[in-house]
Amino acid sequence: MSERVLTLRELNRATLARQLLLERKRLSPAAVIERLVGMQAQWPAAPYVGIWTRTTSFRREALERNLASAAVVKATVIRQTLHLVTRRDYALLRAALSETNFPWETSDAKRLAPLVRALAAAGPVTTAEALAHLEHEHGLTGRKARLAWRGARVRVNLLHHHETALWDARPGGRFVALEEPETHDPTEARAEILRRYLAAFGPASRRDIGAWSMMHVPELARALELLEPLRRFRDEHGRELLDVPRAPLPDVETPAPVRFLPKWDNVLLAFADRTRVLPEQYRKKVIRMNGDVAQTFLVDGFVAGLWSVTNGRVAAEPFAPLSRSAQREFREEAGRLEAFLAD
């Protein structure tokens, strides 16, 4: 029997449902972060807005308590970028990524890892302090020193200080030592992470999975074998899509409300083909040459423009004229966002 073909709109609604963008849920910050397999955190405020747009009754203090207790940590994980992840997922992700040739697997990172760990034994260490130590003790300077420091600290679980992830974040570049995470078999950890990826972002192609994870194809193939049986579909271009059993596939007529997405929101970066949420004609306006990803808003489930805040007021920069109903819905949602930002 040939696989069912999913239209672009069907993929859009499936993705929005799994991303909590069709209907807000009453979930804790940690539950949302786990559901999304981490939230990008280059910009400190981004995870807060990302959780707010997906949940009811969210208060910033709830996430900050998770950060202070280290129930949620700020770490370099997926795509070698900063994410907020739970402690449980940090251990899974470290194991899942351990067989990929990332910077923390270089000879310099391995050689310097114990020394870098020792630097943080007495308390938080700054990047400036670490680089000065590497120059004084090992003669490393410039880019070579920065790469060695980054690789070594990730290797020995020196994570960003939780204060760098607060709403009113203190300056970055401070790191604290986390105890060695729970060990997992790398292939089994990858399988669990990929199952969670499909539950949160699927149905998705193998190219989508690779773009999201940056893991090698053979590693992904071995992990996917552990997930069988998977559901299989095709997109309108004939590409195979994988999915976990019983994950939601809402009707294409399911209403999709206006939603505000923060900078670097997961849903814009989790696919090789982003058109299920981000129309191709707008991609370069949203994802810049320098890697920046703008704040966007969704209308009928698709990115329709950018948003910004000036003097506490949310302003729209739509890519095309909005209908009256969309304008009204934007104003109502903007009012809710303004109240959250002012709280």
Side-chain angles (χ1 to χ4, degrees), residues 3 14-15 18-19 30-31 33-40 71-111 113-114 117 150-159 178-233 239-247 266 269-273:
E3 291 97 344
T15 302
R18 301 176 196 200
Q19 287 286 305
I33 290 168
E34 283 213 337
R35 178 167 177 148
L36 304 183
V37 204
M39 301 186 77
Q40 289 211 200
V72 171
V73 296
K74 181 179 176 181
T76 300
V77 281
I78 308 159
R79 295 187 301 281
Q80 304 180 55
T81 54
L82 283 176
H83 281 69
L84 296 189
V85 295
T86 62
R87 286 281 290 275
R88 182 178 84 95
D89 280 2
Y90 176 74
L92 279 169
L93 285 162
R94 283 305 307 273
L97 298 168
S98 65
E99 295 181 338
T100 303
N101 188 27
F102 285 143
W104 50 84
E105 298 296 330
T106 64
S107 59
D108 276 347
K110 293 177 180 178
R111 176 172 60 89
R117 177 80 184 189
R150 183 174 186 266
R153 66 172 169 76
V154 172
R155 185 173 183 83
V156 292
N157 309 302
L158 261 62
L159 308 188
L178 185 74
E179 62 267 25
E180 189 70 22
E182 181 183 358
T183 59
H184 296 276
D185 174 80
T187 302
E188 292 177 357
R190 273 194 298 278
E192 172 61 11
I193 289 299
L194 296 188
R195 182 192 66 78
R196 300 257 305 284
Y197 166 80
L198 292 174
F201 297 96
S205 70
R206 291 173 189 265
R207 285 189 65 242
D208 292 328
I209 296 170
W212 174 78
S213 68
M214 288 183 63
M215 297 178 196
H216 297 154
V217 171
E219 297 165 0
L220 294 175
R222 288 193 295 271
L224 288 170
E225 287 177 0
L226 297 184
L227 295 183
E228 294 292 354
L230 291 169
R231 289 194 295 183
R232 283 172 163 76
F233 304 98
R239 294 173 291 209
E240 182 185 55
L241 302 173
L242 306 177
D243 201 10
V244 290
R246 296 179 296 281
N266 303 42
L269 296 171
F271 307 97
D273 181 356

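Just so it is clear, the values below take in all heavy atoms, side chains as well, and ignore hydrogens, waters and symmetry mates.
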Quick one: are [X] and [Y] in side-chain contact, heavy atoms under 4.5 Å?
| X | Y | value |
| --- | --- | --- |
| Glu34 | Asp89 | yes |
| Leu159 | Lys74 | no |
| Ser98 | Arg94 | no |
| His83 | Leu93 | no |
| Glu179 | Arg87 | yes |

Verify, without hydrogens or angle tests, whether [X] (side chain) and [Y] (backbone) share a donor-acceptor contact under 3.5 angstrom.
| X | Y | answer |
| --- | --- | --- |
| Arg231 | Ala247 | yes |
| Glu240 | Ser205 | no |
| Arg232 | Glu3 | no |
| Asn266 | Gly38 | yes |
| Arg190 | Ala221 | no |
| Arg18 | Leu198 | yes |

Can you measure from [atom1] ([X]) to [atom2] ([Y]) and round to the nearest 0.5 angstrom?
| X | Y | atom1 | atom2 | result |
| --- | --- | --- | --- | --- |
| Glu219 | Leu97 | CD | CG | 9.0 Å |
| Arg222 | His216 | CZ | NE2 | 10.5 Å |
| Trp212 | Leu269 | CH2 | CG | 12.0 Å |
| Arg239 | Asp273 | CZ | CG | 4.5 Å |
| Leu242 | Asp208 | CG | CG | 9.5 Å |
| Arg153 | Leu158 | CZ | CG | 8.0 Å |

Inset, instruction - Test Leu227 against Val244 for side-chain contact (heavy atoms from CB on, under 4.5 Å), laying out the working first. - result: CA-CA 8 Å; Leu227 295 183; Val244 290; 5.6 Å; no
Please report the shortest heavy-atom distance between [X] and [Y], naming the atom on each side.
| X | Y | value |
| --- | --- | --- |
| Ala91 | Glu182 | CB-O, 3.6 Å |
| Ala109 | Gly151 | CB-C, 3.6 Å |
| Pro114 | Val156 | N-CG1, 4.4 Å |
| Gln19 | Ala200 | NE2-O, 2.8 Å |
| Leu92 | Ala189 | O-CB, 3.6 Å |

Inset, instruction - Give a yes or no on whether a salt bridge exists between Glu192 and Arg195, defined as a side-chain N under 4.0 angstrom from a carboxylate O. - result: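 Yes, this pair counts.
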Legend entry - Arg88 atom CZ, over 12 foreign heavy atoms within 6.0 Å: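 Atom CZ in Arg88 is crowded, with more than 12 foreign heavy atoms closer than 6.0 Å.
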Inset, instruction - Name the orientation class of the two ring planes belonging to Phe201 and Phe271 (parallel below 30°, tilted from 30 to 60°, perpendicular beyond 60°). - result: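 Because their plane-to-plane angle is over 60°, the rings of Phe201 and Phe271 count as perpendicular.
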Inset, instruction - Ignoring hydrogens and angles, state whether a donor on the side chain of Asn157 or Tyr90 is under 3.5 Å from an acceptor on the partner side chain. - result: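 Yes.
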Inset, instruction - Test Leu194 against every option in Leu220, Leu230, Leu226, Val37 by the side chain to side chain contact (heavy atoms under 4.5 Å, CB included) rule and name the one that passes. - result: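 In the set Leu220, Leu230, Leu226, Val37, the residue that makes a side chain to side chain contact (heavy atoms under 4.5 Å, CB included) with Leu194 is Leu220.
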